[in-house]
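Shown next, in structure tokens, is the structure this report addresses.
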Amino acid sequence: MKNTSLIPVVLVGFLLFYASTDFPEWGDPQSPASSSPVSSHFIAKTGVDTEVPNMVTAVLADYRGFDTMLETVVVFIAGMAVLAILRNFSRKKPVKRGHEVSVEPDLIVTNTVRLVVPVIQIFSFYVLAHGHVSPGGGFQGGVLMGASFILIALSWDLERALTRFPINRCMVVAALGILLYAGIGVLSMALGGEFLDYAELEKVLPVSREMARYHAMLGVEIGVGFTVTAIMFALYANLSSRGRLEGGL
Amino acid sequence: MSMIDFQVIAASGEVSLFPLHLLGMFFGSLGLVFFLGAAVGLIRFPDFYTRMHAAGKGDTLSTMLMLTGFGLVTMEDFSLGSWLLFVKIMGVVLFIFIASPTVSHVLMRAASEDDEMPLTEADGKKSSNKGKKRN
Amino acid sequence: MYPVAVFLLLFLNWVVLSGKFDAFHLGLGVVSCLIVTYLSHDLLYHDRKKGLERRLLEAWSFLRYLPWIIWEVVKANLHVFKLAMTKEGYEEMSPRVVTFETYLKTDFAKFVLANSITLTPGTITMLIRGDVFHVHTMSQFLEDDLLTGAIERKVAEVFEPESLKKT
Amino acid sequence: MIEYFAIVMGAALLVLMIPVFYRIWVGPTSYDRILGVNVIGTKTAVLLVVIGTLYDRVDMFVDFAIAYALLSFVTAIVVSRYLNRTISQKEMETREKKAGT
């Protein structure tokens, strides 16, 4: 049975390879993606409409600002749902199962993690802060940051990671991220523009109109990063320990 | 393969960073040779622990050599940006130098604590006999 | 003193990663390095009793240790290559587990010793329990080589020179 | 000329990955499969740098390579912890007895 299932897999793989020969050349100006009116509109109008140096960032945080904000909200809701199902809200401590003993932390792994975790964290901040000019941004930086806390929880145990980033603070940080995103939108509304119309922030920031958009988008990315970090770690902590919040994986 | 490369270089007449690129290509080819050793070992060796030796060691050095080679090959001039890129690639090399032995140790320990895995050759024969009987 | 050292190391890291030297990006770097230092300064440099001079000495002797270990890595790969490619090498293979006790005290020295053993030819550290190392080796010859303690002495020269003077 | 080198290098890497894929496909135990996946994970970091050389954007692709190497390290530790995550109390006692003698 396992081997017969190989036949459709190979067939589909061959078809995909065959289809890939129809792809246009890298950077071909005649390709359908480049010659469609939508992309020419974005290429021509991004600078005029949004005054943002990078087009991908402009699409992500400006043309599709609502979409990105509600994506963050979806991540937040997923975390809340897992917490609501698994977390033990009553006062008494949940019972530990008698037959489970977690393995002691490994000396080599813990020492490697000591060396690696600060580098991962600084790299995640780099990915977050340079989202305008290179691939990256809030989601990617948040995932890396959450992975660094998960690495601590894996190599020692969950308590060790939770003293660094308690689960209550996790929830606060996650909510703070969304508040930061929506707050920037509301602030630009209060300054006389529309929701998420970043250019109005030039009235409170001591920079030009273009740089105000740039800085506001950085703020938005930081908000996304906060939420993703906190929800990643909270999901891991709750799912790996069935809501007991102790012990290793 | 490398001979053809040498001829191409000699024909093109580009000499600005020629020795550096040549060194990079030499490192890259050396990395491929060591990766070949690791891949053959991964197939030929009899049990998991010896395969771990092949994969753990061959993987470390070949990845480091290939990345160093590409770091040298992509040097265009001696400007600051070029140096920073090289240092970044060497950072990846350093990370692999630290992380790869740890990964070997972690997998080795996980396997040795699993009771299903025989440790030495004698144990392996015994348990494979047992397995045959069970089947 | 240690948080400052950690901050400087992280900032060096940031400059290499970022590659932008305008005030805005460097300011972002300072802020994120401060946050990371606050979050995890206790992870780096676990042993806080040693002074600055001692640390610099350690760093210098570790740099001298690196060429030796890299040469060992190359030898390890040649060994694997020989075992994989030739018939004689394949036949001399007889895996076994060696147990020995180390005189190194600190965790970090043990970590460096364990990873050095993993990188040297034909040996992989399997388990550390207290001072006892369980090492998986490929052949009798390599086991004898390991038990002479050359790697241990090299690591002790870097991290714990006083333990060498006693013995 | 550098492009030729990168193409040859990438093709050779892909060809040499076939034995590793064979090990993942056949591998008698799950540990063999993880071993193969880990080897491919580190080689993918190299492959990303090769692709970056082909597209002349090494500065961008190096970031991907760093992220990939970091996440492949995390993956190896996660999987090895998962395979012996918790052991029963009785087994722990017998194991300690075995280690003691």
Side-chain angles (χ1 to χ4, degrees), chain A residues 2-3 6 9 26-27 56 96-106 108-110 112-113 115-117 119-124 126-128 130-131 133-137 140-141 143-158 232 236 240-242 244 246-249, chain D residues 3 6-7 10 14 18 21-22 24-28 33-34 38 41-42 45 48-97 99:
Chain A
K2 197 178 162 190
N3 288 330
L6 198 60
V9 169
W26 170 260
V56 177
K96 198 174 180 180
R97 301 193 182 182
H99 62 89
E100 282 179 353
V101 178
S102 45
V103 187
E104 78 260 43
D106 190 289
I108 300 178
V109 176
T110 52
T112 313
V113 167
L115 291 176
V116 166
V117 160
V119 179
I120 295 186
Q121 287 175 345
I122 210 80
F123 183 68
S124 79
Y126 158 72
V127 168
L128 179 65
H130 291 245
V133 288
S134 63
Q140 292 86 341
V143 165
L144 278 167
M145 194 74 186
S148 77
F149 286 110
I150 289 175
L151 202 52
I152 292 175
L154 278 170
S155 53
W156 283 279
D157 45 14
L158 206 51
M232 276 276 289
Y236 170 78
S240 71
S241 63
R242 299 184 191 82
R244 280 183 288 128
E246 59 180 13
L249 176 70
Chain D
E3 279 82 42
I7 288 171
L14 286 179
I18 292 172
F21 272 117
Y22 168 80
I24 294 174
W25 175 252
V26 172
R33 298 201 168 93
I34 300 156
N38 189 45
T42 47
L48 281 171
V49 177
V50 174
I51 294 170
T53 316
L54 284 177
Y55 286 149
D56 261 338
R57 289 296 304 268
V58 186
D59 53 340
M60 194 172 92
F61 277 87
V62 159
D63 290 349
F64 303 160
I66 295 175
Y68 206 90
L70 289 174
L71 290 181
S72 117
F73 172 66
V74 176
T75 311
I77 288 184
V78 169
V79 171
S80 65
R81 276 306 284 264
Y82 174 77
L83 283 174
N84 57 352
R85 53 180 187 272
T86 46
I87 52 177
S88 67
Q89 182 87 53
K90 207 194 272 174
E91 213 183 311
M92 185 76 149
E93 278 163 12
T94 54
R95 203 172 278 173
E96 305 236 297
K97 226 178 271 169

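Chain identifiers are assigned alphabetically (A, B, ...) following the order of the sequence lines, protein sequences preceding nucleic acid strands; residue numbering begins at 1 within each chain. Because only heavy atoms are used, hydrogens play no part in the values below, and waters and symmetry mates are left out as well, while side chains stay in.
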Legend entry - Contact check, side chains of A:V127 and D:D63, non-hydrogen atoms, under 4.5 Å: no

Legend entry - Pairwise distance CZ(A:F123) to CD1(D:I66) - rounded to 0.5 angstrom: 4.5 Å

Inset, instruction - Using non-hydrogen atoms and a 4.5 Å limit, figure out which bit of A:T112 sits close to chain D: side chain, backbone, both or neither. - result: side chain

Inset, instruction - Could you walk me through whether D:W25 and A:L6 pass side-chain contact (heavy atoms from CB on, under 4.5 Å), step by step? - result: CA-CA 12 Å; D:W25 175 252; A:L6 198 60; 4.0 Å; yes

Inset, instruction - Can you measure from CD1 (D:I77) to CD1 (A:I150) and round to the nearest 0.5 angstrom? - result: 12.5 Å

